[in-house]
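Numbers here simply count residues along the sequence, with the first being 1.
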Amino acid sequence: MADSDVGAAGDAYGSEGGGTRSGRAVTVAAAGVLAMATLAVGCGPQDPGADALRQPSARAATAPPAPSPTDDGKGATGDVTTGPATTAPPASPSAPPPPAEPVTAPPTPAPPSPAPSTAPAPRVLLRTGSEGAHVRELQARLRQIGHFGRTPTGYYGTVTAVAVRSFQVKRGTEATGATDAVTWRKLLAMTRTPTADELDPPTERPVAKPDKRCLTGRVLCISKKSRTLAWMIDGRVVSAMDVRFGSEYTPTREGEFPVFWKSRDHVSTLYDTPMPYALFFSGGQAVHYSADFAADGYGGASHGCVNVRDKAKVAALFDQVKNGDKVVIYW
């Protein structure tokens with residue numbers, strides 16, 4: 001109702017006469033207040049407490065809710081119901097109590113299974129393919145106690161792996177053929193420090209008496225009979241090493257030749273195999289290091305070259321020999 005309507009209504013009431021108008025005005029005003037109060041109760045948040053005070057007879061007449069099967073005779077609020085007695089009579093005092101629900105004990109946890117062994121495997125120090133001074137020392141120590149029957153070469157090949165495995169079997173360690181920390185400690189305890197001659201002996205085989213062509217100048221004096229190479233300068237042996245030759249199908253040529261080409265990291269284009277420290281003297285034939293010879297010894301043969309199995313010695317030889325130095329191969 002707008003403000004102007006309220007004013008108009010007042011004028012209308014004022015135009016009627018005396019007490020009648022006053023009484024009617026009071027009655028209308030009271031009815032308006034009651035209507036407003038009713039609207040306030042219906043639209044606002046309800047107050048259950050106030051509602052109960054206003055309507056006591058309605059609450060008393062309401063039947064109590066039926067007990068829930070799970071309430072054990074109690075209402076939702078936990079109060080005992082006041083309805084008709086419909087529950088069973090109490091049990092006799094002499095009757096046994098109802099059996100309790102079986103209580104299942106929690107399962108006993110199984111004892112923890114022992115943790116698997118986490119001890120790390122011994123660290124491998126040397127294995128097939130290793131090269132160098134440590135391999136040479138390993139071979140020399142094995143040779144002291146009869147497990148390695150050759151001159152140390154500094155190359156860990158098949159022969160060295162077999163020797164290590166033989167040592168491991170005899171000493172009760174895992175026979176892998178690789179030299180781990182445990183194997184090395186056992187070997188150190190059973191051997192002494194190798195001498196220079198044990199580490200780097202002249203050759204496994206006695207050096208043959210040199211051919212007379214080897215007695216002058218700078219010469220690679222190579223004997224097929226003794227299977228040795230002697231590097232000689234003016235009749236003096238500077239160094240010596242074991243060698244092997246080609247097979248009967250690829251024989252090593254005999255005679256006197258000059259070194260005409262040096263190739264440090266050479267790879268054969270014909271056989272696609274490494275020929276380190278190659279000193280070429282006749283066509284494709286050369287003196288060079290052979291990993292196969294170092295690994296397998298005299299069980300094999302070359303394709304005509306002069307193989308050396310001691311890498312350190314042939315590397316030193318390569319640095320000393322010059323193009324034009326002689327190569328003499330004889331029986």
Could you walk me through whether Leu187 and Ile145 pass the side-chain contact (heavy atoms from CB on, under 4.5 Å) check?
CA-CA 9 Å; Leu187 185 60; Ile145 55 178; 3.8 Å; yes

Pair Gln168, Thr173 - check side-chain hydrogen bond (donor to acceptor under 3.5 Å, both in side chains), show working.
CA-CA 5 Å; Gln168 290 169 330; Thr173 60; 4.8 Å; no

Verdict with supporting geometry, Tyr277 and His288, ring pair (Phe, Tyr, Trp, His ring centres under 6.0 Å):
CA-CA 5 Å; Tyr277 308 109; His288 68 85; over 10 Å; no

Hey, mind stepping through Tyr330 and Lys224 against side-chain contact (heavy atoms from CB on, under 4.5 Å) and telling me if it holds?
CA-CA 6 Å; Tyr330 66 101; Lys224 282 189 170 182; over 6 Å; no

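The backbone N or O of Thr183 lies less than 3.5 Å from a partner atom in the side chain of Asp180, making a donor-acceptor pair. Side-chain atoms of Asn307 never come within 3.5 Å of backbone atoms of Arg244 as a donor-acceptor pair (strictly under, hydrogens ignored). A donor-acceptor contact shorter than 3.5 Å links the side chain of Thr252 to the backbone of Gly304. Between the Glu256 side chain and the Lys326 main chain, no donor and acceptor come within less than 3.5 Å of each other.
Side-chain contact between Pro276 and Arg264: absent, with no pair of heavy atoms (C-beta onward) separated by less than 4.5 Å. A 4.5 Å side-chain heavy-atom check between Trp184 and Glu137 finds at least one atom pair inside the cut-off. Side-chain contact between Thr176 and Arg127 is absent, with no heavy-atom pair separated by less than 4.5 Å. Within the 4.5 Å cutoff, the side chain of Pro210 has heavy atoms near those of the Leu215 side chain. The closest side-chain heavy-atom distance from Lys186 to Leu188 is not below 4.5 Å. Taking 4.5 Å as the limit, some side-chain heavy atom of Met190 sits within range of a side-chain heavy atom of Phe167. At a threshold of 4.5 Å between non-hydrogen side-chain atoms, the residues Leu138 and Val164 count as touching. Inter-residue side-chain proximity for Leu220 and Val328 is flagged as unmet; no heavy-atom pair is nearer than 4.5 Å.
No chain of hydrophobic side-chain contacts below 4.5 Å, direct or via other Ile, Leu, Val, Met, Phe, Trp or Tyr residues, connects Leu142 to Leu199. Residue Val219 is not grouped with residue Phe281 when hydrophobic side chains (ILVMFWY) are merged at heavy-atom distances under 4.5 angstrom, including chains of intermediate members. Taking hydrophobic clusters as Ile, Leu, Val, Met, Phe, Trp and Tyr residues chained together by side-chain heavy-atom distances below 4.5 Å, Val135 does not share a cluster with Tyr289. Two different hydrophobic clusters hold Val287 and Phe280 under the rule that ILVMFWY side chains link at heavy-atom gaps under 4.5 Å. The same ILVMFWY cluster, assembled from side-chain heavy atoms under 4.5 Å apart, contains both Phe318 and Trp231.
Atoms CZ and SG, from Arg253 and Cys305 in turn, are 9.0 Å apart once rounded to the nearest 0.5 Å. Separation of atoms CE (Met275) and CD (Gln285) is listed at 9.5 Å; rounding is to 0.5 Å. The OH atom of Tyr155 sits 6.0 Å away from atom CD of Glu131, with the distance rounded to the nearest 0.5 Å. To the nearest 0.5 Å, the span separating CD on Glu198 from CG on Asp200 amounts to 12.0 Å. Once rounded to the nearest 0.5 Å, the distance linking CG of Leu279 with CZ of Phe260 reads 10.5 Å. Atom CG of Leu229 and atom CG of Leu317 lie 6.5 Å apart (nearest 0.5 Å).
Closest non-hydrogen pair, Ser223 versus Phe245, comes out as O-CZ, 3.7 Å. For the residue pair Val169 and Ala175, the shortest heavy atom distance occurs at CG2-CB, 3.6 Å. Minimum interatomic distance between Ala230 and Val237 (heavy atoms only, all atoms of both residues): CB-CG1, 4.3 Å. Of all heavy-atom pairs spanning Thr191 and Arg141, the tightest one is OG1-NH1, 2.7 Å. Closest approach of Val207 and Ala240 over heavy atoms only: CG2-CB, 3.7 Å. Closest of all the heavy-atom pairs between Thr228 and Pro206 is CG2-O, 3.8 Å.
Checked options Arg218, Met232, Gln320; the residue passing with Val238 is Gln320 (criterion: side chain to side chain contact (heavy atoms under 4.5 Å, CB included)).
The aromatic rings of Phe293 and Tyr298 sit perpendicular, their planes meeting at an angle over 60°, well past the 30° parallel limit.
Judged by distance alone, the side chains of Ser166 and His147 do bring a donor and an acceptor atom under 3.5 Å apart. The closest side-chain donor-acceptor pair between Thr153 and Arg309, if any, does not fall under 3.5 angstrom. Checking Gln139 against Thr160 by side-chain atom types alone, a donor-acceptor pair falls below 3.5 Å. Side-chain contact, Tyr156 with Thr179: a donor N or O sits under 3.5 Å from an acceptor N or O.
A salt bridge links Asp310 to Arg136: at least one charged side-chain nitrogen sits closer than 4.0 Å to a carboxylate oxygen. Between Asp242 and Lys313 there is no salt bridge, since no side-chain N of the basic residue sits under 4.0 Å from a carboxylate O of the acidic one. A salt bridge is defined here as a Lys NZ or Arg NE, NH1 or NH2 lying under 4.0 Å from an Asp or Glu carboxylate O, and Lys262 with Asp325 fails to meet this definition.
Centroid-to-centroid, the aromatic rings of Trp261 and His266 come within less than 6.0 Å.
Both tests do not hold together for Arg143 against Phe148: distance to the six-membered ring centre under 6.0 Å, angle to the ring axis within 45°.
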